[in-house]
Amino acid sequence: MLCSGLSSTLLLGAAYFLLTSGFSRAQLSLPSNVTAISTGRVITFNVISVLQLSCGSGVMIVQSVLYRCADKEICSRLHDLDVIKKSCDLKEVCEINTNMVRTCDPSVCTYLDITFNCFPAIHSVTCEGSQAKLQCGEGQVIVVYWANYGRRDNTTCPDGNTAQLQNVTCLSPGSPEYVTNRCNWQNSCTVEAKSSVFGDPCVGTYKYLEVVYDCQESEATSSPPPTTVTEAGSSKTCPPGWTWFGGRCFIFNSSMKIWTDAESSCETLGGHLASFHNTAEYTFIRKLIYTAAGSYTAAWVGGNDRETETVWMWSDGSKFNFRNWARGQPDNYGGGEDCMMINFRGQDHVSDAGCQRTYSFVCVRDP
């Protein structure tokens with residue numbers, strides 16, 4: 001039962017829900033500049049088997065779990081706080097089976113007291129095999145806060161058999177990166193909720209895609225705020241216009257420059273031409289280019305053997321362990337191809353090229 005207003009309280013049966021307006025900082029999982037729009041509180045007798053938390057509008061972050069005992073004694077259970085947060089944080093509505101939590105002394109502590117903050121955001125859930133559609137109003141764009149392809153409870157998307165719903169700690173670490181890079185700063189966006197897209201983080205579990213996002217006025221795209229991806233309770237922030245992936249920030253520049261001028265431009269921005277050290281990073285860079293340019297435009301990256309022929313290195317100084325060149329590459333055709341480019345003729349193709357050629361480029365820097 002929902003009651004609005006600071007002093008309005010309704011007690012019905014064994015539980016009541018009190019909603020109060022106010023503002024406080026998000027402590028977990030959301031960027032620090034997102035402030036709460038309300039505070040919720042549920043107090044229930046511990047004989048209740050299923051308890052529902054609801055924001056009504058926005059998504060919740062659970063703040064505390066207490067047991068109120070005789071003579072107003074309070075018993076705090078950090079374990080139960082962790083259990084409830086894992087199940088409820090970043091949802092609009094959450095049902096808690098009180099069998100999951102443990103009272104301090106059930107003969108004395110008869111009231112379970114849960115408080116949570118509600119934040120302005122949209123919570124999208126798409127069952128495995130379907131397509132998620134994120135949508136904002138006219139003149140607005142998507143800003144992704146968090147995403148996960150997996151399972152956090154056994155009630156969402158219950159279409160699988162019982163055994164497929166039991167793993168409630170199924171997390172896909174790459175989900176925030178993928179959804180952010182695909183959807184940020186667009187008015188609408190579709191994402192396939194499939195293991196072929198995210199990988200399979202828990203074989204045998206029937207999964208679903210959760211996305212928490214907000215809609216902001218499209219004027220922000222002319223000077224976008226820092227990209228912040230939240231993962232495992234921490235925030236990683238890039239400068240305006242840059243996109244976070246794997247602990248680093250990337251940006252595509254469509255200006256046509258020779259390799260050395262492209263590197264100088266990246267250095268001016270506090271970074272270097274991009275390096276990649278695994279297939280995921282390489283794939284992300286290609287998708288970043290496609291998103292920005294509308295095609296797989298040929299682009300400079302940081303690989304080069306300008307100092308010593310056949311001794312390749314990255315301009316950012318990281319270890320060069322790349323081996324997946326296109327067939328027959330690098331070939332140093334004509335004796336002067338000392339710089340690395342990708343997307344030759346729009347293909348999934350990494351090759352060497354003459355450094356005096358002009359291409360667009362991708363930069364990388366630390367957050």
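Remember, predicted model here, so these are calculated numbers, not experimental data.
A donor and an acceptor atom, one from each side chain of T115 and Q63, are nowhere located under 3.5 Å apart. Residues D348 and Y282 have side chains that bring a donor and an acceptor to within less than 3.5 angstrom of each other. For Y359 and T297, the side-chain atoms include no donor-acceptor pair closer than 3.5 Å. A side-chain N or O of N187 and one of Q135 form a donor-acceptor pair less than 3.5 Å apart.
For the pair D153 and K86, the salt-bridge criterion is not met [side-chain N within less than 4.0 Å of a carboxylate O]. One finds a salt bridge joining R248 and E281 here, because a Lys/Arg side-chain nitrogen approaches an Asp/Glu carboxylate oxygen to under 4.0 Å.
Under a cut-off of 6.0 angstrom, the local environment of OH in Y290 is sparse, with at most 12 non-hydrogen atoms contributed by other residues, nucleotides or ligands.
R152 places none of its side-chain heavy atoms less than 4.5 Å from the side chain of S87. Counting heavy atoms from C-beta outward, W259 and S315 have side chains that approach closer than 4.5 Å.
Aromatic ring orientation, F344 versus H349: tilted (interplanar angle from 30° to 60°).
Pairs passing the salt bridge (Lys or Arg N to Asp or Glu O under 4.0 Å) check and including a residue from residues 282-308, sequence neighbours excluded, do not occur.
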Where do F252 and S360 land on the side-chain contact (heavy atoms from CB on, under 4.5 Å) test, with the steps shown first? CA-CA 8 Å; F252 171 72; S360 302; 3.6 Å; yes
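Under the rule for a salt bridge (Lys or Arg N to Asp or Glu O under 4.0 Å), the partners of K194 that lie at least two apart in sequence or sit in another chain are E192.
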